[in-house]
Peer 1: 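This is the structure I have questions about; it appears just below.
The first residue of the sequence shown is numbered 1, and numbering continues consecutively from there.
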Amino acid sequence: MKKTLIKNISTLFQVRKNITEPLRGKELGEIPIIKDAWLAIENGIIVEYGNMKDFPGIADWQKLTIIDAQNVNIFPCFADSHTHLVYAGNREQEFEWRLNGLTYQEIAQRGGGIINSAEQLRMASEDELFEIALQRLKLIISMGTGAVEIKSGYGLNTESELKILKVIRRLKNLDLIPIKATFLGAHAIPIEYKQDKQKYIDIVINEMIPRVAQEQLADFIDVFCEDGYFSKEDTEHILEVGLKYNLIAKIHAEQLSHSGGIEAAVKYNALSVDHIEYINDTDVELLKKSKTIPVILPGAAYFLSLSPAPAKKIIENNLPLAIASDFNPGSSPSGNMAMQMSLACVMNKITPIQAFNASTINGAFAMNLQNQCGWIDIGMRANLIFTNKNTTPTTLCYHYAHPWIEKVMINGEFFN
């Protein structure tokens, strides 16, 4: 048994017990701490913690590693509930097009956007995709992410969608951090079906979903519900079939326009609705009667110059806001969750503590990982961020581009 004792921690952040629901309302503005703390870990799992004045001593020194964390603050790692880590190449050319005035939709009409990524991915082997996705996974871990959801969606045919999901499964099997897989075959209409969208939807429903379920490749199913992509009716049809195969719903909703995605999400008990820049009052009322978690993706709104989602309104309506990175090659090419927090403060007008809670606890709930990560408690994974003693959630947002992390611990071991 591998045992670690971390003692003399200057401040231990996000210490909570028996959380059964995501934080909402005033709860999002609170962060419990223990000053002068200790933390005990066995086989990568937190087994006890407390204040140094109450430290019970060491009964068994065998195989015990002691870390003196004097002048160090410790936080739980981020839980990033929306990424597209498995992709080939990049879309830097489209970045220049957008700076020259083209919209997201106009770039798509030129053959850019998701279609561009699909063409590049189809040419890449599974091994090539795995190696580059592993590099990205290690990168986000080094920036403090301790749990992540990864979507397919850049294959847009059965073979390539399954290839992406198999890469995600290989990443899962490494057991670096908890990973959830999402099937997003309904991400865009591939060029070969531009004139017959229904035929592609039939392939998603009749070929892709059964194969994904048969091979147990995904935890969730997602749809890009948006004008020019998949309508509310399309979305409901796909989610309904997914549920028959025990795939829990998630939805890209109300990002570029109001398309009815939140209504479809609530109808099919979606775990989360993500983006939500165009959420309206009716949507808010629907979410208040559901368990669906609204997730904002500040990096995508920033990179596409979109009006930010009304996060304050969501919090004021007692909804459990979460924040994710949307790490992808086209609209949010960054998995830096601290940067997402800062963007949420500046663009969405929420506080650093609200942003931290939305990026940890609520992020974990937004991918059904609340039994493993998101806060400090007995039984949780020891996925931890080490900083100097002056770092707080406000520091992360204020010094938004500084390397404030000193070390990251994953499963009780320092990550290199």
Peer 1: Is N383 close to P178 at the side-chain level, that is, under 4.5 Å between some pair of heavy atoms?
Peer 2: yes
Peer 1: Identify, with sequence neighbours excluded, every residue that meets side chain to side chain donor-acceptor pair (under 3.5 Å) alongside N280.
Peer 2: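 Applying side chain to side chain donor-acceptor pair (under 3.5 Å) to N280 gives H258.
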Peer 1: Rounded to the nearest 0.5 Å, what separates atom CG in D377 from atom CD1 in I46?
Peer 2: 7.5 Å
Peer 1: For N100 and W97, indicate whether the former's side chain and the latter's backbone hold a donor-acceptor pair under 3.5 Å.
Peer 2: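 Absent.
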Peer 1: If you round to the nearest 0.5 Å, how far is NZ of K180 from CD1 of I168?
Peer 2: 13.0 Å
Peer 1: Can you confirm whether I140 sits close enough to L137 that some side-chain heavy atom of one is under 4.5 Å from a side-chain heavy atom of the other?
Peer 2: yes
Peer 1: Determine whether L134 and L176 make a side-chain contact, defined as any pair of heavy atoms from C-beta on separated by less than 4.5 Å.
Peer 2: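 Sidechains of L176 and L134: in contact.
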Peer 1: State whether the side chain of K289 and the backbone N or O of V266 hold a donor-acceptor pair below 3.5 Å, judged by distance alone.
Peer 2: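 Not confirmed, K289 side chain does not pair with V266 backbone.
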Peer 1: Answer yes or no: does atom OH of Y302 have more than 12 heavy-atom neighbours from other residues, nucleotides or ligands under 6.0 Å?
Peer 2: no
Peer 1: Does any N or O in the side chain of R122 come within less than 3.5 Å of the main-chain N or O of L156, such that one atom is a donor and the other an acceptor?
Peer 2: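 Present.
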Peer 1: Any ring-ring contact (aromatic ring centres under 6.0 Å, His included) involving residues 259-278? Give me the pairs, sequence neighbours left out, ordered by first then second residue.
Peer 2: H82-H275, H252-H275
Peer 1: Would you sort out whether D202 and Q198 count as a side chain to side chain donor-acceptor pair (under 3.5 Å), showing the intermediate values?
Peer 2: CA-CA 6 Å; D202 290 342; Q198 187 56 50; 2.9 Å; yes
Peer 1: For F230 and T235, work out which heavy atoms get closest and say how close.
Peer 2: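 Smallest interatomic distance, heavy atoms only, reads O-OG1, 3.9 Å.
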Peer 1: Answer with yes or no whether the side chains of T360 and Q14 bring together a donor and an acceptor at under 3.5 Å.
Peer 2: yes
Peer 1: Check for a donor-acceptor pair, side chain of S334 on one end and backbone N or O of N336 on the other, with a separation under 3.5 Å.
Peer 2: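 Yes: the side chain of S334 pairs with the backbone of N336.
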Peer 1: Give a yes/no verdict on a cation-pi contact between K407 and F386, requiring under 6.0 Å between NZ or CZ and the six-membered ring centre and an angle within 45° of the axis.
Peer 2: no
Peer 1: Look at the side chain of N357 and the backbone N and O of E30, then say whether any donor-acceptor pair between them is shorter than 3.5 Å.
Peer 2: yes
Peer 1: Could you check whether any side-chain N or O of E149 sits under 3.5 Å from a backbone N or O of T182, counting only pairs where one atom can act as donor and the other as acceptor?
Peer 2: no
Peer 1: Out of L321, N348, I350, which residue meets the side chain to side chain contact (heavy atoms under 4.5 Å, CB included) rule with K312?
Peer 2: I350
Peer 1: Closer than 4.0 angstrom, basic N to acidic O: yes or no for E236 and K232?
Peer 2: yes
Peer 1: Does the Q372 side chain pair with the main chain of L369, one donor and one acceptor, at a distance under 3.5 Å?
Peer 2: no
Peer 1: Take a 6.0 Å sphere around CD of E406 and say whether it holds more than 12 heavy atoms from other residues, nucleotides or ligands.
Peer 2: yes
Peer 1: Can you check whether F327's main-chain N or O pairs, donor with acceptor, with S325's side chain at less than 3.5 Å?
Peer 2: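 Side chain of S325 to backbone of F327: a pair is present.
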Peer 1: Does either side chain, that of T65 or that of K2, offer a donor lying less than 3.5 Å from an acceptor on the other one?
Peer 2: yes
Peer 1: Start with the C-alpha distance between N317 and L287, add both sets of side-chain angles, then the distance that settles side-chain contact (heavy atoms from CB on, under 4.5 Å), and finish with yes or no.
Peer 2: CA-CA 10 Å; N317 277 274; L287 288 171; over 6 Å; no
Peer 1: May I ask you to test the W404-I385 pair for a side-chain heavy-atom distance under 4.5 Å?
Peer 2: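 In contact.
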Peer 1: Okay, side chain of D326, backbone of T83: is any donor-acceptor separation there less than 3.5 Å?
Peer 2: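 Looks like no, no N/O pair under 3.5 Å.
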Peer 1: Roughly how far apart are E126 CD and L165 CG, rounded to 0.5 Å?
Peer 2: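 Reported value, rounded in 0.5 Å steps: 10.5 Å.
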Peer 1: Under a 4.5 Å cut-off applied to non-hydrogen side-chain atoms, are Q135 and K138 in contact?
Peer 2: no
Peer 1: Looking at residues at least two apart in the chain, or sitting in another chain, which of them share a side chain to side chain contact (heavy atoms under 4.5 Å, CB included) with S125?
Peer 2: D127, E128
Peer 1: Rounded to the nearest 0.5 Å, how far apart are CD1 of I410 and OG of S142?
Peer 2: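 Spacing of CD1 (I410) from OG (S142) equals 10.0 Å.
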Peer 1: Please round to the nearest 0.5 Å and tell me the distance separating atom CD1 of I221 and atom CG of L243.
Peer 2: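 With rounding to 0.5 Å, CD1 (I221) is 8.0 Å from CG (L243).
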Peer 1: Near Y400 OH, under 6.0 Å, is it more than 12 heavy atoms from other residues, nucleotides or ligands?
Peer 2: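 No, the 6.0 Å shell around OH holds no more than 12 heavy atoms from other groups.
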Peer 1: Just checking N416: does its CG atom have more than 12 heavy atoms from other residues, nucleotides or ligands closer to it than 6.0 angstrom?
Peer 2: no
Peer 1: Counting N and O atoms only, with roles assigned by atom type, does the side chain of N51 sit under 3.5 Å from a partner on the main chain of K35, one being a donor and the other an acceptor?
Peer 2: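 Answer holds: yes.
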Peer 1: Do T392 and T11 come close enough that some side-chain heavy atom pair is under 4.5 Å?
Peer 2: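 No. Closest side-chain heavy atoms not under 4.5 Å.
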Peer 1: I need the single residue from Y154, Y200, Y87, Y229 that forms a ring pair (Phe, Tyr, Trp, His ring centres under 6.0 Å) with H187. Which is it?
Peer 2: Y154
Peer 1: Give the intermediate values and the outcome of salt bridge (Lys or Arg N to Asp or Glu O under 4.0 Å) for residues D283 and K313.
Peer 2: CA-CA 12 Å; D283 297 327; K313 182 176 185 178; over 6 Å; no
Peer 1: Apply side chain to side chain donor-acceptor pair (under 3.5 Å) to residues D274 and S272 and explain how you reach the verdict.
Peer 2: CA-CA 6 Å; D274 301 18; S272 72; 2.8 Å; yes
Peer 1: Is T395 close to T387 at the side-chain level, that is, under 4.5 Å between some pair of heavy atoms?
Peer 2: no
Peer 1: Does the Lys NZ or Arg CZ of R211 fall within the cation-pi geometry relative to F183 - under 6.0 Å from the ring centre and within 45° of the axis?
Peer 2: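 No cation-pi geometry.
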Peer 1: Between atom CG of L184 and atom CD1 of I164, what is the distance when rounded to the nearest 0.5 Å?
Peer 2: 9.0 Å
Peer 1: Any side-chain heavy atom of Q214 sitting closer than 4.5 Å to one from Y245?
Peer 2: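 SC-SC contact between Q214 and Y245 ruled out.
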Peer 1: Assess whether a salt bridge exists between R24 and E27, defined as any Lys/Arg side-chain N lying under 4.0 Å from an Asp/Glu carboxylate O.
Peer 2: no
